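The structure under discussion appears below in the form of structure tokens.
Values in this document were obtained by computation on a predicted structure and should not be read as measured data. Numbered from 1 within each chain, the chains take letters A, B, ... in sequence-line order.
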There are 2 protein chains.
Amino acid sequence: MIEVVPNPVTTVMRALADPTRRAVLERVFESKEITVGELTIGSGVTQGAISQHLKSLKQAGLVAERAEGRNVYYRAAPQGLEPLVAWMDHYGVFWRERFQNLRELLKEIDP
Amino acid sequence: MIEVVPNPVTTVMRALADPTRRAVLERVFESKEITVGELTIGSGVTQGAISQHLKSLKQAGLVAERAEGRNVYYRAAPQGLEPLVAWMDHYGVFWRERFQNLRELLKEIDP
DNA sequence: GATATCGATTAGTAGATACTAATGCATTAG
DNA sequence: CTAATGCATTAGTATCTACTAATCGATATC
């Protein structure tokens, strides 16, 4: 089954399917902004590999970038996860399972 | 970065990353129960391929099976998506984005 | 019992993908 | 101006993956 241009769900899922890449994304999510060099440290792979992963993540719409001098700062783009949320939503799993948590959360935020 | 046994998030994401396999899962989700033969029809791939995809999905905990005679009936196992939900939950994306929808949904269910 | 059907499994293959090492291009520092 | 740093990109490689075609075991049908 050929998809000439993969649909957004596929793109996002594929981006998240690799543990190294997901680890990169998680670090981006946890920091307000982070450079490629910082991401490389402790990643276990080379700087080139990190740049490649960031490219995938950017294409998937999961991160955004800002160049400043010779550094490039990456930041999270959580809207990129929307296709995934929509997919799960459609298959119903979500609300039913998380219902209780939800209710509590709503109370906390707006009692 | 080696993961001898891939963690559950990776397993689930990988299972969902392939469009053909995801299409199979979607059909399982939409039917109460469905056989391998039925899934093969209109899938665009061979019966062998479908069996292989079902194996992945089963390993990911996304489907369950029941043999009856020479047929095997597959059904959805939505709890298999829990690792994905948990992952998204942890990175916060979920609630913030869906907040409005949520609120409405809650009202409908329990006004 | 012989034959057909269902589904899993296997071997083989083409293409994808995650990585490294090397290089190139800016930008900053000396 | 020259050297060093930060990041992207490229070419090359090993491994993984999605598929087919073929086969096998089990169950059902004739």
Identify whether any heavy atom of [X] sits under 4.0 Å from a base atom; if not, whether one sits that close to sugar-phosphate; answer base, sugar-phosphate or nothing.
X     : result
A:T35 : sugar-phosphate
A:Y73 : nothing
A:G48 : base

Within the pair A:T46 and C:dC19, is there a side-chain N or O less than 4.0 Å away from OP1 or OP2? no

For a quick test of reading the model: is some side-chain N or O of A:R14 closer than 4.0 Å to OP1 or OP2 of C:dT17? yes

Give the rounded distance in Å between these two atoms: [atom1] of [X] and [atom2] of [N].
X     : N      : atom1 : atom2 : answer
B:D18 : C:dT17 : CG    : C1'   : 14 Å
A:L54 : C:dT17 : CG    : P     : 17 Å
B:E65 : C:dC6  : CD    : P     : 18 Å
B:I50 : D:dA18 : CD1   : C1'   : 11 Å
B:H53 : C:dT9  : NE2   : P     : 15 Å
B:L39 : C:dG7  : CG    : P     : 9 Å
B:Q47 : C:dT10 : CD    : C1'   : 13 Å
B:K55 : D:dT17 : NZ    : P     : 13 Å

Does A:A49 or A:N71 map to a spot on DNA chain D nearer the 5' end, using the closest nucleotide for each? A:N71

May I ask you to verify whether the side chain of B:Q52 and the base of D:dT20 hold a donor-acceptor pair under 3.5 Å? yes

Does a donor on one side chain sit under 3.5 Å from an acceptor on the other, for [X] and [Y]?
X     : Y     : result
B:E82 : B:W87 : no
B:S56 : B:Q59 : no
B:Q47 : B:S51 : yes

Rounded at 0.5 Å granularity, tell me how far CD1 in A:I34 sits from OH in A:Y74. 12.0 Å

Can you tell me how far apart CD (A:E65) and CZ (A:R75) are? Round to the nearest 0.5 Å. 8.5 Å

Let's see if you can work this out: which of D:dT20, D:dA18, C:dA8 has an atom nearest to the side-chain heavy atoms of B:V45? D:dT20

Given C:dA18, C:dA8, C:dC19, which nucleotide is nearest the side-chain atoms of B:S51? C:dA8

Each nucleotide of nucleotides 24-30 of chain C classed B (base within 4.0 Å of a protein heavy atom), S (only sugar-phosphate) or -, in 5' to 3' order, makes ---BBS-

Can you see which heavy atom on B:A15 is nearest to which on B:R21, and at what distance? O-NE, 2.8 Å

By the definition side chain to side chain contact (heavy atoms under 4.5 Å, CB included), identify the one residue from B:L57, B:T11, B:V28 that meets it with B:L62. B:L57

